[in-house]
Amino acid sequence: MISDADRPVVGSSPRSLARQRSVHDVFGSGIVADVILWRRKDATIGMLVGALASWVVFEVAGCTLLSLVSNVLLLLICVLFAWAKAAGILNRPPPPIPEMHLSEEMAQEAAVFVRFHANMVLSAFNDIVQGKDSKLFYTIALWLWLISVVGGSTDILTLGYTSIVAVLTVPALYEKYEDGLDRVAKSACMEVQMYERICSECLGKYLTKAKKSQPR
């Protein structure tokens with residue numbers, strides 16, 4: 001199971017105290033959660049526009065990733081190199097490019113996020129294969145079936161772009177309408193558990209009758 005040391009630092013939540021963890025906490029309570037839940041709207045809109053532009057370039061225009069990246073980088077370094085040389089000759093300021101580096105804080109936050117969610121996946125897998133969580137099994141089975149159906153009707157690039165859009169919209173909508181969706185999900189779960197119990201009882205009675213009807 002996931003230990004407390006694996007969990008990211010949990011901040012305050014506007015939800016009621018009865019909820020152990022909010023949607024924001026589930027996504028790590030950091031920059032990633034802010035972007036997914038539209039708390040940094042500029043970054044979220046930028047990702048959506050970038051995903052749409054990428055889909056148009058790769059799917060509609062037919063460009064390849066390698067050629068696009070190479071051409072963009074070639075154009076960028078040529079412009080910056082010519083700018084820097086011209087600035088030195090004309091005594092002008094060089095290109096205003098900040099020093100780019102990955103800070104230790106960003107690396108640690110990304111590592112904690114990846115580690116926590118990897119442990120969540122492994123813990124869920126153990127609960128499913130050991131038969132401890134029927135609700136989780138039905139949920140995962142439904143999602144895998146949906147992915148199989150969608151994957152059979154589209155290509156991997158379109159599926160990837162659609163997934164980005166879903167990640168940037170579905171959690172935000174769920175956070176907004178969480179109370180109503182939780183009530184619906186709870187009712188559906190109770191129905192599934194009731195039918196599961198009925199099926200188990202019927203199967204048990206059938207096996208008992210079959211066992212009694214066997215000749216000794």
Side-chain angles (χ1 to χ4, degrees), residues 2 6-61 63-65 68-69 71-73 75-77 79-80 83 95-121 124 139-140 142-143 146-147 150-151 154-186:
I2 302 174
D6 293 334
R7 298 181 181 275
V9 178
V10 178
S12 60
S13 171
R15 299 290 178 185
S16 62
L17 295 177
R19 301 184 185 276
Q20 295 181 355
R21 304 177 67 224
S22 66
V23 179
H24 190 261
D25 296 331
V26 170
F27 286 101
S29 301
I31 297 176
V32 175
D34 291 340
V35 173
I36 291 176
L37 298 177
W38 289 73
R39 299 187 182 182
R40 298 194 178 191
K41 292 185 178 180
D42 294 340
T44 306
I45 293 175
M47 290 186 64
L48 288 174
V49 172
L52 177 60
S54 300
W55 183 82
V56 171
V57 169
F58 294 125
E59 291 295 322
V60 179
C63 295
T64 62
L65 178 61
L68 178 65
V69 172
N71 291 330
V72 170
L73 290 177
L75 178 62
L76 180 63
I77 62 175
V79 170
L80 293 177
W83 187 352
I97 303 298
E99 182 180 357
M100 293 178 288
H101 68 280
L102 184 63
S103 65
E104 184 177 356
E105 181 182 357
M106 294 177 61
Q108 289 179 351
E109 183 176 356
V112 170
F113 179 82
V114 172
R115 178 188 179 192
F116 174 67
H117 286 85
N119 285 336
M120 284 184 61
V121 172
T139 303
I140 298 297
L142 177 61
W143 276 107
L146 289 175
I147 292 174
V150 174
T154 185
D155 58 276
I156 186 64
L157 292 177
T158 303
L159 180 60
Y161 305 141
T162 306
S163 300
I164 293 176
V165 175
V167 167
L168 294 177
T169 53
V170 173
L173 292 174
Y174 174 77
E175 186 184 41
K176 185 176 181 180
Y177 303 104
E178 183 175 357
D179 294 330
L181 292 175
D182 283 348
R183 286 194 296 268
V184 174
K186 184 177 180 180

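- For T64, the side-chain hydrogen bond (donor to acceptor under 3.5 Å, both in side chains) partners are S67, not counting sequence neighbours.
- With sequence neighbours excluded, the residues forming a side-chain hydrogen bond (donor to acceptor under 3.5 Å, both in side chains) with Q108 are E104, listed by chain and number.
- Separation of atoms CG (L73) and CD1 (I77) is listed at 7.0 Å; rounding is to 0.5 Å.
- Rounding to the nearest 0.5 Å places OG1 of T44 at 9.5 Å from CZ of R40.
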Checklist entry - Run the side chain to side chain contact (heavy atoms under 4.5 Å, CB included) check on Y161 and V165 step by step: do they pass? => result CA-CA 6 Å; Y161 305 141; V165 175; 5.8 Å; no

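- Within 6.0 Å of atom CH2 in W55, 12 or fewer heavy atoms from other residues, nucleotides or ligands are found, so the atom counts as exposed in its surroundings.
- Remark: I31 CD1 to E105 CD distance equals 7.5 Å, nearest 0.5 Å.
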Item to check | Steps toward side chain to side chain contact (heavy atoms under 4.5 Å, CB included) verdict (H117, V121) | outcome: CA-CA 6 Å; H117 286 85; V121 172; 5.6 Å; no

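- Rounding to the nearest 0.5 Å places CG of N71 at 12.5 Å from CG of L76.
- Atom CG of L80 sits about 7.5 Å away from atom CH2 of W83, to the nearest 0.5 Å.
- The main-chain N or O of I45 is never found under 3.5 Å from a side-chain atom of W38 such that the two would form a donor-acceptor pair.
- Only one option out of L37, T169, L181 pairs with Y174 in a side-chain contact (heavy atoms from CB on, under 4.5 Å); it is L181.
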Checklist entry - side chain to side chain contact (heavy atoms under 4.5 Å, CB included) between L52 and L48: does it pass, once the steps are laid out? => result CA-CA 6 Å; L52 177 60; L48 288 174; over 6 Å; no

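- Shown here for I36 and V167, the closest heavy-atom pair between the two residues is CG2-O, 3.3 Å.
- Contact between A166 and P171 at its shortest, heavy atoms only, is O-CD, 3.5 Å.
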